[in-house]
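These values consider heavy atoms only, across backbone and side chains, with no hydrogens, waters or symmetry-generated copies. Positions are given from 1 along the sequence.
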Amino acid sequence: MSTIALNPSPEENPRVKAVFDDIRATRKTDFVNNMWRALAFDATLLENTWAEVKQVMATPSSLDPLTKEMIYIAVSVANSCSYCIHSHTAAAKAKGMTSEQHAELLTIISLAAKTNHLANGLQLPLDPVFDAGASPQA
């Protein structure tokens with residue numbers, strides 16, 4: 001259950017409409033999901049969040065769009081954000097993620113969670129080579 005009531009007409013606010021129009025244009029879709037509809041309760045929060053998401057996720061960079069979505073899925077799993085897991089899995093599939101890639105991603109996420117818990121439980125000392133930033137193979 002949402003902690004706020006979604007405004008049935010958020011685009012009556014011109015600032016919200018401008019962000020929603022930019023979301024539609026950037027994503028090449030008429031769909032504006034509930035994350036943005038919920039954030040529309042505060043135009044400044046909506047504008048700032050969309051600007052950051054657009055900069056990181058929609059601006060070309062050294063990481064390809066599918067890789068960005070898969071990283072987002074992994075972090076969403078780690079943070080137990082069901083909404084983001086669903087949203088970014090759909091986005092990754094739209095960007096070409098195959099069932100095999102999805103299965104491998106989930107395998108890596110579960111392995112990382114397991115070894116993270118083991119390392120935390122054992123309170124392992126950091127290997128000096130990792131602290132120095134050198135390659136362990138060096």
Sole residue of Asp42, Leu39, Thr44 in side-chain contact (heavy atoms from CB on, under 4.5 Å) with Thr49: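 Testing each of Asp42, Leu39, Thr44 against Thr49, the sole residue satisfying side-chain contact (heavy atoms from CB on, under 4.5 Å) is Leu39.
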
If you define the side chain from C-beta out and look only at heavy atoms, does anything of [X] sit under 4.5 Å from [Y]?
X      : Y      : answer
Arg15  : Val19  : no
Met97  : Thr89  : yes
His86  : Asn33  : no
Thr67  : Pro65  : no
Trp36  : Leu46  : yes
Glu69  : Lys93  : no
Leu63  : Ile71  : yes
Leu111 : Thr107 : no

Where Gln101 and Met70 come nearest, the two heavy atoms and their spacing: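 For Gln101 versus Met70, the nearest heavy atoms are O-CE, 4.0 Å.
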
Whether Tyr72 and His88 hold their rings parallel, tilted or perpendicular, with breakpoints at 30° and 60°: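 Judged by the thresholds at 30° and 60°, the geometry between Tyr72 and His88 is parallel.
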
Heavy-atom neighbours of Met57 CE exceed 12 at 6.0 Å: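 Buried by this count: over 12 neighbours within 6.0 Å.
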
